[in-house]
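Some notes on the structure that comes next.
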Amino acid sequence: MIKPPEHIAIIMDGNGRWAKKQGKKRFAGHIRGAETVSEIVEEVARKKINFLTLFAFSVENLSRPKKEVNLLMKLLVSSLKKEFKRLNENKIRLCAVGDLNTLPNSVKNELMFVIEKTKKNKQMILTLALNYGAKEEIIEAVKTISKKVKNSIIPPEKVDESTIISHLYTRNLPPVDLLIRTSGEERISNFLLWHIAYAELYFTKTLWPDFKKEDLEEALSNYKKRERRFGKTSEQIK
Ligand code: FPP
């Protein structure tokens, strides 16, 4: 039987459609989505899974209407303020990856505050991908490595997998074991491209605001049935 996942990543999709179904404005979906974040984070930590990474805001999301972007940023700040105590009670450490410098100051300040105040927590690492794009992450890594090669800090023939990993925003994360996407869309959307090289993919039609503990359970039991061969034969891994 396969080991439980060490790292789960989630593309939380379907907030807008959920709101539309309820005859509400898109933002109502994001508010309900933030409540789902809180429930699922706690449940994943309870299951002793060490890493949870959530796609909270992509580089591409920046081109949504300004009003929606601003409201999402405000929701993020209020969620961080609200959840901070619970993160500590559950011994969860918060981290963030992405181009954080271009986030509004209110988000940066709250984020840095919670990251600092939870840094000693050991139960689980919760990483929020914010203003994140995997291609942009790889481009930044290549730029830094190129400069180091040019300045003879890294010999070109020594550039290998570990050189790339150590220059990614996500350098402290292990490979993703299970990637979940909600809402019926079956694509990766520029999320964690490097770290999902051998992830098991799980797509569910459930919209993120409706995603409950039982849906997580379903994803985990589906994962259990997978055979992770990493390019080997079935016989080799038995
Ligand atoms: C996708 O739904 C969701 C997002 C773009 C943002 C994710 C944000 C949250 C879950 C809420 C706040 C987050 C945290 C970490 C507290 P969509 O708007 O693309 O939905 P649609 O495809 O149905 O329109």
Side-chain angles (χ1 to χ4, degrees), residues 8-45 51-88 90 92-100 103-104 106-115 118 124-134 169-170 179-192 203-213 215-216 219:
I8 297 182
I10 309 182
I11 303 176
M12 310 177 288
D13 199 5
N15 293 352
R17 276 162 284 167
W18 182 89
K20 199 170 173 193
K21 260 176 63 183
Q22 317 270 324
K24 294 181 177 160
K25 293 217 165 105
R26 290 182 58 78
F27 198 63
H30 295 315
I31 293 179
R32 180 64 200 115
E35 287 164 21
T36 305
V37 169
S38 170
E39 289 155 22
I40 296 300
V41 165
E42 210 164 279
E43 183 63 11
V44 173
F51 295 87
L52 174 65
T53 303
L54 301 177
F55 206 0
F57 196 80
S58 70
V59 188
E60 292 80 9
N61 287 154
L62 264 185
S63 19
R64 289 192 174 195
K66 211 168 163 34
K67 196 171 161 208
E68 181 165 342
V69 173
N70 289 342
L71 284 169
L72 270 169
M73 292 298 149
K74 279 196 182 143
L75 178 60
L76 193 60
V77 174
S78 66
S79 300
L80 286 167
K81 282 191 201 293
K82 203 167 111 203
E83 294 303 324
F84 161 59
K85 213 171 131 220
R86 257 166 81 161
L87 289 176
N88 270 335
N90 289 294
I92 299 168
R93 177 178 178 179
L94 183 78
C95 295
V97 291
D99 180 8
L100 306 179
L103 290 170
S106 55
V107 177
K108 262 192 284 190
N109 293 344
E110 198 58 39
L111 200 57
M112 293 314 147
F113 176 79
V114 180
I115 288 175
T118 58
M124 182 179 88
I125 295 195
L126 166 65
T127 304
L128 295 182
L130 285 167
N131 209 4
Y132 174 87
Y169 304 137
T170 44
L179 173 71
I180 300 172
R181 182 171 189 149
T182 59
S183 90
E185 309 293 350
E186 301 193 353
R187 54 177 171 266
I188 305 299
S189 301
N190 202 13
F191 189 39
L192 302 177
F203 300 107
T204 168
K205 287 201 162 48
T206 306
L207 303 172
W208 178 250
D210 286 331
F211 193 85
K212 301 273 170 269
K213 290 175 187 174
D215 298 281
L216 177 70

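The first residue of the sequence shown is numbered 1, and numbering continues consecutively from there. We count ligands from 1, going down the list as the structure has it; atoms in each ligand are counted the same way. No experiment lies behind these values; they were computed from the predicted model shown.
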- Item | Per atom 18 (O) of ligand 1, closest listed option by heavy atom (R26, E60, E35) | R26

- Note on the structure: Between the CG atom in N70 and the CG atom in L75, the distance rounded to the nearest 0.5 Å is 12.5 Å

- Query: Side chain, backbone, both or neither: which part of N61 comes within less than 4.0 Å of ligand 1 when only heavy atoms are counted?
  - Reply: side chain

- List the steps, then state whether salt bridge (charged side-chain N to carboxylate O under 4.0 Å, His left out) holds for R86 with E39. CA-CA 11 Å; R86 257 166 81 161; E39 289 155 22; over 6 Å; no

- Item | 4.0 Å heavy-atom contact, L54 with ligand 1 | no

- Query: Which residue holds the protein heavy atom closest to atom 6 (C) of ligand 1, what is that atom called, and what is the gap in Å?
  - Reply: A56 O, 3.4 Å

- Fit a plane to each ring of F55 and Y132, take the angle between them on a 0 to 90° scale, and name the class: parallel (under 30°), tilted (30 to 60°) or perpendicular (over 60°). perpendicular

- Quick one: does G16 get an N or O within less than 3.5 Å of an N or O on ligand 1? yes

- Message: Suppose we measure from atom 1 (C) of ligand 1 to each protein heavy atom; which comes out shortest, and what is that distance?
- Response: M12 O, 3.1 Å

- Message: I'd like to know if the side chain of R181 and the backbone of R187 have a donor-acceptor N/O pair within less than 3.5 Å.
- Response: yes

- Sidechain N-carboxylate O distance under 4.0 Å for K82, E110: no

- Message: Any nitrogen or oxygen of W18, side chain or backbone, less than 3.5 Å from one on ligand 1?
- Response: no

- Residues, nucleotides or ligands: over 12 heavy atoms within 6.0 Å of K81 NZ: no

- Selection from I11, T182, L76 by shortest heavy-atom distance to atom 14 (C) of ligand 1: L76

- Query: Which atoms of ligand 1 are found less than 4.0 Å from any heavy atom of H30?
  - Reply: 11 (C), 18 (O)

- Any atoms of ligand 1 less than 4.0 Å from a non-hydrogen atom of S79? List them with their elements. 16 (C)

- Message: Measuring from atom 17 (P) of ligand 1, which candidate in K21, R17, R64, M73 has the nearest non-hydrogen atom?
- Response: R64

- Starting from atom 9 (C) of ligand 1, which protein heavy atom do you reach first, and at what distance in Å? N15 ND2, 3.6 Å

- Item | side-chain hydrogen bond (donor to acceptor under 3.5 Å, both in side chains) pairs, two or more places apart, involving residues 20-29 | R26-E68

- Part of W208 within contact of ligand 1 (heavy atoms, under 4.0 Å): side chain

- Task: Distance to 0.1 Å, residue and atom name: give those for the protein heavy atom nearest to atom 13 (C) of ligand 1.
- Result: V37 CG2, 4.3 Å

- Item | Partner residues of W18 under the ring pair (Phe, Tyr, Trp, His ring centres under 6.0 Å) criterion, sequence neighbours left out | none

- Task: Mind telling me whether F27 and H30 have parallel, tilted or perpendicular rings, with 30° and 60° as the class edges?
- Result: perpendicular

